[in-house]
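A short write-up of the structure that comes next.
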Amino acid sequence: RYTYGYALGSSGRYADAQVQLLKAIEVDPYYAASYYVLGQVLDAQAKPDEALAQYKTFLARSSQQDLRRKEAEERVAMAKGTQ
C-alpha cells in the first residue's frame, strides 16, 4: 500500500495516493515513511493542517538517522512560524 501510494503521489494522483497511504497506516501504524509521504500528498492538496499532523507523527515514529527528518522538521518549524 505504501509503495502504491508513493507511486500515485509521484504521478500527481493525490486523492488516490491519500487513500492508499491511509490504508498502509491502518495495516502498519508504526511505519514512519507512510506518514511522511501522506504529509507530502496533503501538502500537494493544499491541506496544510492535515499535512502538519502527518509530519509530526512521522517525526515521532522515525529514526533519528532518517534522511527525511530534516525536511519534516523544517516543515513543522515553518508551520509554527505562521501560526
Side-chain angles (χ1 to χ4, degrees):
R1 298 286 183 163
Y2 164 77
T3 303
Y4 188 39
Y6 179 87
L8 288 167
S10 295
S11 301
R13 294 179 53 191
Y14 303 122
D16 293 331
Q18 182 176 347
V19 169
Q20 293 303 316
L21 292 164
L22 288 171
K23 288 180 181 179
I25 289 168
E26 185 179 316
V27 171
D28 187 357
Y30 298 102
Y31 187 61
S34 297
Y35 296 96
Y36 178 80
V37 176
L38 181 55
Q40 291 181 315
V41 164
L42 292 166
D43 268 338
Q45 295 179 83
K47 299 178 180 178
D49 293 338
E50 293 176 52
L52 180 61
Q54 300 307 317
Y55 290 127
K56 286 180 177 179
T57 304
F58 165 76
L59 290 170
R61 286 177 165 63
S62 67
S63 159
Q64 292 295 317
Q65 289 74 36
D66 193 309
L67 298 176
R68 296 167 287 208
R69 284 188 69 84
K70 182 179 178 187
E71 184 178 333
E73 289 168 347
E74 289 171 357
R75 177 64 180 85
V76 170
M78 191 170 49
K80 287 181 181 178
T82 61
Q83 293 178 352

Next on the checklist: For a side chain to side chain contact (heavy atoms under 4.5 Å, CB included) check, start with the C-alpha distance between Lys23 and Val27, then their side-chain angles and the critical distance, and finish with the verdict.
Outcome noted: CA-CA 6 Å; Lys23 288 180 181 179; Val27 171; 5.6 Å; no

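In this structure, the side chains of Tyr55 and Gln40 come closer than 4.5 Å at one or more pairs of heavy atoms. Arg69 places a side-chain heavy atom less than 4.5 Å from the side chain of Phe58.
The distance from the CG atom of Leu21 to the OH atom of Tyr36 is 13.0 Å, given to the nearest 0.5 Å. Atom NZ of Lys47 is separated from atom CD of Gln54 by 11.0 Å, given to the nearest 0.5 angstrom.
Listed for the Tyr35 side chain is no donor-acceptor partner under 3.5 Å among the backbone atoms of Ala53.
Heavy atoms only, all atoms of each residue included: Leu59 and Glu73 are closest at CD2-CG, 3.7 Å. Heavy-atom minimum distance, Gly39 versus Ala51: O-CB, 3.3 Å. Residues Ile25 and Ser34 come closest through the heavy atom pair CG1-CB, 3.6 Å. When all heavy atoms are compared, the tightest approach of Glu26 to Pro29 is O-CD, 4.1 Å.
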Going by atom type alone, with no hydrogens or angles, which donor-acceptor pairs under 3.5 Å involve a side-chain atom of residues 4-16 and a protein atom two or more places apart or on another chain?
{"unit_1": "Ser10", "atom_1": "OG", "unit_2": "Tyr6", "atom_2": "O", "d": "3.0"}
{"unit_1": "Ser11", "atom_1": "OG", "unit_2": "Ala7", "atom_2": "O", "d": "2.9"}
{"unit_1": "Arg13", "atom_1": "NE", "unit_2": "Asp16", "atom_2": "OD2", "d": "3.1"}
{"unit_1": "Arg13", "atom_1": "NH2", "unit_2": "Asp16", "atom_2": "OD2", "d": "2.8"}

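Hydrophobic cluster membership is shared by Leu22 and Tyr31, with clusters built from Ile, Leu, Val, Met, Phe, Trp and Tyr side chains linked at under 4.5 angstrom.
Glu74 pairs by the side chain to side chain donor-acceptor pair (under 3.5 Å) definition with nothing, not counting sequence neighbours.
For residues 29-44, the salt bridge (charged side-chain N to carboxylate O under 4.0 Å, His left out) pairs, not counting sequence neighbours, are Asp43-Arg75.
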